[in-house]
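To start, the structure under review is shown below, and the notes come after it.
Here is how names work: the chains are called A, B, and so on, in the same order as the sequence lines, proteins then strands, and each is numbered from 1.
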2 protein chains.
Amino acid sequence: MTVQNSKKATIYDLSVLSGASASTVSAVLNGSWRKRRISTETAERILSLAKAQRYTTNLQARGLRSSKSGLVGLLVPVYDNRFFSSMAQTFEAQARLRGLSPMVVSGRRDPDEERRTVETLIAYSIDALFIAGVTDPDGVHQVCARAGLPHVNIDLPGKLASSVISDNRNGAEVLTSAILRHAAQGGALVPDDVVLFGGHDDHASRERIAGFHAAKDAFFGIESQNDIEITGYSPRMTELAFERFFAREGRLPRCLFINSSINFEGLLRFMGRHDEAVFANIVAGCFDYDPFASFLPFPVYMAKPNISAMLEKGFELLEAAPVHPVVTIIEPQLIPPRTALEGPLDDIRDPVPASRIPAPTS
Amino acid sequence: MTVQNSKKATIYDLSVLSGASASTVSAVLNGSWRKRRISTETAERILSLAKAQRYTTNLQARGLRSSKSGLVGLLVPVYDNRFFSSMAQTFEAQARLRGLSPMVVSGRRDPDEERRTVETLIAYSIDALFIAGVTDPDGVHQVCARAGLPHVNIDLPGKLASSVISDNRNGAEVLTSAILRHAAQGGALVPDDVVLFGGHDDHASRERIAGFHAAKDAFFGIESQNDIEITGYSPRMTELAFERFFAREGRLPRCLFINSSINFEGLLRFMGRHDEAVFANIVAGCFDYDPFASFLPFPVYMAKPNISAMLEKGFELLEAAPVHPVVTIIEPQLIPPRTALEGPLDDIRDPVPASRIPAPTS
DNA sequence: CATTTTTGCACAATCGATGGTGCAATAACC
DNA sequence: GGTTATTGCACCATCGATTGTGCAAAAATG
């Protein structure tokens with residue numbers, strides 16, 4: 001039954017109610033009161049008053065005054081795949097652990113949109129930005145640099161800012177070896193049976209292609225070629241690439257390296273248009289992890305980037321603020337087929353019902 | 001080669017540079033200048049100056065003054081499944097269309113965390129909140145109500161605030177009919193072959209259970225019972241429910257209704273521990289859509305909530321601000337097995353490479 | 001030409017918090 | 001008991017925008 005009239009309480013309200021000045025109230029509420037030699041009595045009085053009045057700090061006002069905001073941004077291309085949504089989830093948890101408020105936005109792989117989006121974040125005075133999966137890292141970097149905004153690249157190489165990236169080269173090599181070994185059990189392979197789909201002219205793709213070739217060349221003992229179908233990060237283009245291949249060869253390659261889960265969705269579309277028999281004998285490797293993909297009707301190996309380690313390292317880099325850009329490489333994890341890993345979902349505590357519940361009386 | 005010293009330009013800087021007063025500059029920059037009878041000349045002069053100086057509005061200052069922020073929140077339980085991540089993606093697009101900045105946060109199905117998270121959003125003076133998939137809608141509602149924050153429930157029923165929900169009842173009925181029909185092709189079914197896994201004591205689950213029973217009862221002509229395995233929204237609990245069932249019956253039910261993709265992940269974990277033969281003869285229905293799930297080794301029917309329509313309606317409700325809470329019901333879509341729908345990913349314009357690219361010279 | 005109207009803008013208060021500075025009252029000290 | 005230190009807090013400028021109000025100068029009107 002505390003006093004509760006519609007509007008939100010401010011430090012001035014508490015100031016009047018407590019008889020203390022606004023600056024005293026402010027100091028008490030933001031924790032700087034010891035430094036300001038406010039007596040414990042006064043502090044406690046104000047704190048209990050604040051609780052009674054349900055005071056909460058107006059973060060826009062604080063942010064304006066201190067030219068900070070407590071916001072950290074994460075820029076991703078899109079949310080709706082397991083890699084980036086899982087990154088968003090982990091990012092949120094890690095940001096909150098550090099007392100920051102996460103703000104996740106997508107740039108949709110459009111350089112203009114990426115820049116505009118970041119500019120909006122800057123207009124809200126965000127304190128730092130994590131940049132993941134953008135088309136134009138340097139453009140974004142410039143926007144950040146102009147605003148003096150600390151930022152790190154995640155899973156992107158950066159000459160201009162520090163970066164944390166997956167070991168695409170080695171991860172792809174390990175992944176390729178795994179699918180080659182698996183496929184070889186089904187009969188002798190030839191180089192033409194092993195094809196990479198997806199990717200782009202970006203650092204990650206180039207590294208993955210290099211790893212793919214390294215493993216393949218080692219396996220066959222020759223230098224392979226004409227085995228890369230570039231599609232960009234587009235399900236549609238990937239689907240078309242599969243259709244082209246299929247029209248040309250009358251079958252899929254026995255051994256598929258798929259550059260990312262987004263490209264994998266292109267394969268799904270292809271699957272939707274073709275008989276299951278087409279996929280009876282293939283083995284796939286995908287650089288990304290999706291639990292449902294792991295249980296498809298053919299063996300799917302995946303390389304799961306260590307998102308949590310990448311973000312953790314990203315926060316460290318922001319705190320350390322090295323003078324020169326630093327690149328940190330983090331190993332992805334090879335996930336064998338039919339594996340459902342635990343994830344952020346498992347941390348949530350969902351009440352476990354004691355018993356079955358009846359259906360409603362319709 | 002415009003003047004560009006490190007710090008950000010403010011209206012005062014532009015005021016000095018332009019010879020106009022700060023209020024004039026402000027009016028020009030926020031578009032209210034016609035109303036304030038600023039001459040077009042002056043406006044243009046200031047606008048070009050602003051461009052040259054790369055002026056951007058400090059949104060914290062604006063927000064403080066106008067006690068708005070341009071932020072809209074979306075509260076989800078978790079991001080990392082296709083339903084909520086797709087919702088986040090759609091939400092972001094729709095918010096931006098309306099000139100708002102989306103802020104997506106997760107409450108992790110913890111009533112306390114939900115409230116705290118919303119309080120943080122309120123502290124940033126968000127303008128409106130979309131509430132999706134929370135455990136304690138009424139608790140969140142109270143927090144919003146106290147702050148005078150407009151809000152709508154998405155896919156949640158609400159007596160206290162307006163809601164947009166999927167037609168869980170009918171969607172489940174249609175979904176159940178579909179899997180029954182499919183499974184019946186594999187031989188005569190008995191009621192015990194048809195079981196629902198997942199869910200909770202919440203509105204959506206109750207409705208889905210009702211729809212499930214309606215379809216099942218109509219199919220068999222009797223009232224069925226003992227066919228619901230409640231697990232909460234937890235992969236772990238769902239896995240255990242499958243293990244229990246399997247230990248008891250020595251097989252899975254031929255016809256599975258899975259309450260959500262989160263519960264489906266529980267089935268995946270079960271799958272990881274059992275031979276493929278266990279799944280040879282089953283048909284699944286899942287209330288949620290995930291493209292990868294659609295291509296599992298057994299037929300999977302899905303009911304895809306119409307996220308975009310729900311959010312659209314949510315924005316309408318916020319604008320209309322009806323005096324009494326309104327509930328809008330939106331039909332989900334039945335998705336047959338082996339279907340890879342297009343999604344937000346397809347809107348992004350990813351440059352299509354002209355040709356194959358070479359691997360890097362390692 | 002005198003008066004009213006309109007145009008074009010400047011002034012100043014304000015949003016809610018922060019933090020440097022100053023100043024009484026009390027305590028400590030010789 | 002007089003002087004210096006310390007304690008405890010209030011005052012006030014400030015962050016960058018918004019907006020109600022006021023007032024000259026120019027234009028319109030009779």
Task: Out of C:dG8, D:dG16, D:dA10, whichever nucleotide has its closest atom nearest the side chain of B:N58 - done: D:dG16
Open item on the list: Can you work out whether B:L64 or B:A43 has the more 5'-proximal nearest nucleotide on DNA chain C?
Closed with: B:A43
Open item on the list: Rounded to whole Å, how long is the line connecting atom CZ of A:R45 with atom C1' of D:dG8?
Closed with: 12 Å
TODO: Please report, rounded to the nearest Å, how far the P atom of D:dT18 is from the CG atom of B:L29.
DONE: 8 Å
- [ ] Among the candidates D:dA17, C:dG8, C:dA17, find the nucleotide nearest to the side-chain atoms of A:Y55.
- [x] C:dA17
TODO: Mind calculating the distance between CD (B:E41) and C1' (C:dT7) to the nearest angstrom?
DONE: 12 Å
TODO: Send over the distance from B:I38 CD1 to C:dT6 P, rounded to a whole Å.
DONE: 18 Å
- [ ] Respond yes when some side-chain nitrogen or oxygen of A:T42 is under 4.0 Å from OP1 or OP2 of D:dC9, and no when none is.
- [x] yes
Open item on the list: Quick check against the 3.5 Å criterion: does A:T42 have a side-chain atom that pairs as donor or acceptor with the backbone of A:I38?
Closed with: no
Open item on the list: Quick check on C:dT18: is either OP1 or OP2 less than 4.0 Å from any side-chain nitrogen or oxygen of A:N30?
Closed with: yes
TODO: Measure from CZ on B:R37 to P on D:dG22 and round the result to the nearest Å.
DONE: 13 Å
Open item on the list: Please tell me whether B:F91 and B:F130 form a close aromatic pair, meaning their ring centres lie under 6.0 Å apart.
Closed with: yes
Where do N or O atoms of nucleotides 11-13 of chain D meet protein N or O atoms at under 3.5 Å, pair by pair?
residue : atom : partner : partner atom : Å
D:dC11  : N4   : A:S23   : OG           : 2.7

Open item on the list: Using whole Å, what does the distance between atom C1' of nucleotide C:dC15 and atom CD1 of B:I11 come to?
Closed with: 13 Å
Open item on the list: Counting C-beta onward and ignoring hydrogens, is there a side-chain heavy-atom pair between A:I330 and A:I165 closer than 4.5 Å?
Closed with: no
Open item on the list: Once you apply a heavy-atom cut-off of 4.0 Å, does A:R62 come out as touching a base, just sugar-phosphate, or nothing?
Closed with: sugar-phosphate
- [ ] Side-chain contact test, heavy atoms from C-beta onward, threshold under 4.5 Å: evaluate it for A:T328 versus A:S163 and give yes or no.
- [x] no
Task: NZ/NE/NH1/NH2 to OD/OE distance under 4.0 Å, A:E92 and A:R98 - done: no
Task: SB check A:E119 A:R115 (cutoff 4.0 Å) - done: no
Open item on the list: C:dG8, OP1 or OP2 - any side-chain N/O from B:S39 closer than 4.0 Å?
Closed with: no
- [ ] Indicate, with a heavy-atom threshold strictly under 4.0 Å, whether B:A27 touches base, sugar-phosphate, or nothing.
- [x] nothing
- [ ] Can you tell me the distance, in whole Å, between the CD1 atom of A:I46 and the C1' atom of D:dG8?
- [x] 12 Å
Open item on the list: Rounded to whole Å, please give me the gap between CH2 in A:W33 and C1' in C:dT18.
Closed with: 18 Å
Open item on the list: For A:T135, run the side-chain hydrogen bond (donor to acceptor under 3.5 Å, both in side chains) check against A:R108, A:E114, A:E113 and tell me which one passes.
Closed with: A:E114
Open item on the list: Within the 4.0 Å heavy-atom criterion, would you say B:S32 contacts the bases, only the backbone, or no part of the nucleic acid?
Closed with: nothing
